[in-house]
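Take a look at the structure set out below.
For this chain, numbers begin at 1 and follow the sequence in order.
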Amino acid sequence: MEFSGIEKLSLVDYDNKLSCILFFAGCNFRCPFCQNGGLVLKPIEQPIIPFEQILDYLKERKNVLDAVVISGGEPTLMPDLKEKIIKIKKLGYLVKLDTNGTHPEIVKDLYNNGLIDYVAMDIKNSEDKYSLTIRAENLHIEKIKETIDFLKRSGIGYEFRTTMMLEFHDMKSMEGIEKLIGNANKLFLQKYIDSDNCIAHGFHAVPEEEAIKFRDYLRKFVKQVDLRGY
């Protein structure tokens, strides 16, 4: 299976690293705030980028780029993800994985084989609001909890991140998020932005003053909490 998108240079997706972002089409969630709606809702209509073409680009940019970010969609749904990362790692790149955490067995396998260097995992909401937020049936929250616990114990570099919407997130949400990730290393509270690529529209960002309250509350339980986009 091939990737469907590439951002050839990013200065912000991997801290202090110049990176290239690869996008997989397909996801098991339908979060209304997702900025990659086409990849999620219409995966079979997305372009196909031959992986050899991507490898050629990475070979050419070895002295410029530091890392490859694998995003989506949900990249752990890619059947040959491991094989592709092996080829990327052979070129000497750091690899960051963006994931919703629903496939802990894949995250563990990649880590145990030295194939990922950093993980960014989305924490959508408190447990009682998760299904509402992701707009998907058959939520396996225990799988998500398993990935959270693994990242916290593994020693890998990681961050959790929550995109906040006024309609979905309040202080009770933050209390629930604390129960899910308490004592984690890092959490980013991200500002919702309504763009043409979002899955749904008509929602609103949490005002900055509220976001600051959420940040200050969570700083009691998480080692580093910062706002992103405010």
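A 4.5 Å side-chain heavy-atom check between Phe3 and Ile70 finds at least one atom pair inside the cut-off. Proximity of Glu159 to Phe188: side-chain heavy atoms (C-beta onward) are separated by under 4.5 Å at one or more points. A 4.5 Å side-chain heavy-atom check between Asp122 and Thr163 finds every atom pair outside the cut-off. In this structure, Glu167 and Thr133 have side chains that are not in contact, with every pair of non-hydrogen atoms separated by 4.5 Å or more. Within the 4.5 Å cutoff, the side chain of Ile123 has heavy atoms near those of the Ile148 side chain. In this structure, Thr147 and Tyr158 have side chains that are not in contact, with every pair of non-hydrogen atoms separated by 4.5 Å or more.
Applying the ring pair (Phe, Tyr, Trp, His ring centres under 6.0 Å) test to Tyr57 and every residue at least two apart in sequence or in another chain returns nothing. Legend: residues meeting side-chain hydrogen bond (donor to acceptor under 3.5 Å, both in side chains) with Lys172, ordered by chain and number and at least two apart, are absent. For Lys213, the side-chain contact (heavy atoms from CB on, under 4.5 Å) criterion is met by Met171, Glu210, not counting sequence neighbours. Annotation: side-chain contact (heavy atoms from CB on, under 4.5 Å) contacts of Thr102 (sequence neighbours excluded): Asn28, Phe29, Asn100, Ile144. For Asp98, the side-chain contact (heavy atoms from CB on, under 4.5 Å) criterion is met by Val69, Ser71, Lys96, Ala120, Arg161, not counting sequence neighbours. In this structure, the side-chain contact (heavy atoms from CB on, under 4.5 Å) partners of Asp80, at least two apart in sequence or on a different chain, are Met1, Met78, Glu83, Lys84. Taking His140 as the reference, nothing meets the side-chain hydrogen bond (donor to acceptor under 3.5 Å, both in side chains) condition, with sequence neighbours excluded.
Here the closest heavy-atom approach between residue Ala211 and residue Val206 is recorded as N-CG1, 3.7 Å. Taking both residues in full, the closest heavy atoms of Ser173 and Lys129 are given as OG-NZ, 3.2 Å, listed atom of the first, atom of the second, then distance. Here the shortest heavy-atom pairing between Ile156 and Ser154 reads CG2-OG, 3.0 Å. Residue Leu97 comes nearest to Pro75 through the heavy atom pair CD1-CG, 3.7 Å, listed as atom of the first residue, atom of the second, then distance. Residues Glu2 and Pro50 approach most closely at OE1-C, 3.9 Å, considering heavy atoms. When every heavy atom of Lys191 is checked against every heavy atom of Gly229, the shortest pair comes out as CD-O, 3.4 Å.
For Ile48, the CD1 atom counts as loosely surrounded, since its 6.0 Å shell holds 12 or fewer non-hydrogen atoms of other residues, nucleotides or ligands. In Asn112, the CG atom is crowded: over 12 heavy atoms of neighbouring residues, nucleotides or ligands sit closer than 6.0 Å.
In terms of hydrophobic clustering, with Ile, Leu, Val, Met, Phe, Trp and Tyr side chains grouped at heavy-atom distances under 4.5 Å, Ile134 and Phe203 are assigned to different clusters. The cluster map of Ile, Leu, Val, Met, Phe, Trp and Tyr, joined by side-chain heavy atoms under 4.5 Å apart, puts Leu81 and Leu55 in the same cluster. Side-chain heavy atoms closer than 4.5 Å link hydrophobic residues (I, L, V, M, F, W, Y) into clusters, and following such links, even through other members, never connects Leu39 to Leu22. Ile106 and Phe23 fall into different hydrophobic clusters, defined by Ile, Leu, Val, Met, Phe, Trp and Tyr side-chain heavy atoms under 4.5 Å apart, directly or through other members. In the hydrophobic clustering of this structure, Met165 does not group with Phe160; members are Ile, Leu, Val, Met, Phe, Trp, Tyr whose side-chain heavy atoms approach within less than 4.5 Å, directly or through other members.
Going from atom CG of Leu65 over to atom CD of Glu60 covers 11.0 Å, rounded to the nearest 0.5 Å. The CG atom of Leu58 sits 11.0 Å away from the CD atom of Gln53 when rounded to the nearest 0.5 Å. Distance check, rounded to the nearest 0.5 Å: CD1 of Ile116 to CG of Leu94 gives 12.0 Å. Remark: Ile212 CD1 to Tyr230 OH distance equals 9.5 Å, nearest 0.5 Å. Here CG of Asn197 is found 10.5 Å from CG of Asp194. Values are rounded to the nearest 0.5 Å. Remark: Asp128 CG to Ile141 CD1 distance equals 10.0 Å, nearest 0.5 Å.
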Throw together a table of side-chain donor-acceptor distances under 3.5 angstrom for residues 30-38, partners on residues two or more places apart or in other chains.
{"residue": "Arg30", "atom": "NH1", "partner": "Cys27", "partner atom": "O", "Å": "2.8"}
{"residue": "Gln35", "atom": "OE1", "partner": "Ser195", "partner atom": "OG", "Å": "2.7"}
{"residue": "Gln35", "atom": "NE2", "partner": "Ile193", "partner atom": "O", "Å": "2.6"}
{"residue": "Asn36", "atom": "ND2", "partner": "Gly72", "partner atom": "O", "Å": "2.8"}

Which side-chain N or O atoms in residues 176-187 pair as donor and acceptor under 3.5 Å with protein atoms at least two apart or in another chain?
{"residue": "Asn185", "atom": "OD1", "partner": "Lys223", "partner atom": "NZ", "Å": "3.2"}
{"residue": "Lys186", "atom": "NZ", "partner": "Tyr118", "partner atom": "OH", "Å": "3.4"}

Checklist entry - Where do Asn16 and Asp66 land on the side-chain contact (heavy atoms from CB on, under 4.5 Å) test, with the steps shown first? => result CA-CA 9 Å; Asn16 302 314; Asp66 304 303; over 6 Å; no
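In terms of modelled atom types and a separation under 3.5 Å, the side chain of Thr162 and the main chain of Met164 share no donor-acceptor contact.
Annotation: salt bridge (charged side-chain N to carboxylate O under 4.0 Å, His left out) contacts involving residues 101-113, sequence neighbours excluded, comprise Lys82-Asp109, Lys108-Glu146. Applying the ring pair (Phe, Tyr, Trp, His ring centres under 6.0 Å) rule to pairs touching residues 204-228 yields Tyr217-Phe221, sequence neighbours excluded. Listed by first then second residue, pairs satisfying ring pair (Phe, Tyr, Trp, His ring centres under 6.0 Å) with a partner in residues 73-113 read Tyr111-Phe150, not counting sequence neighbours.
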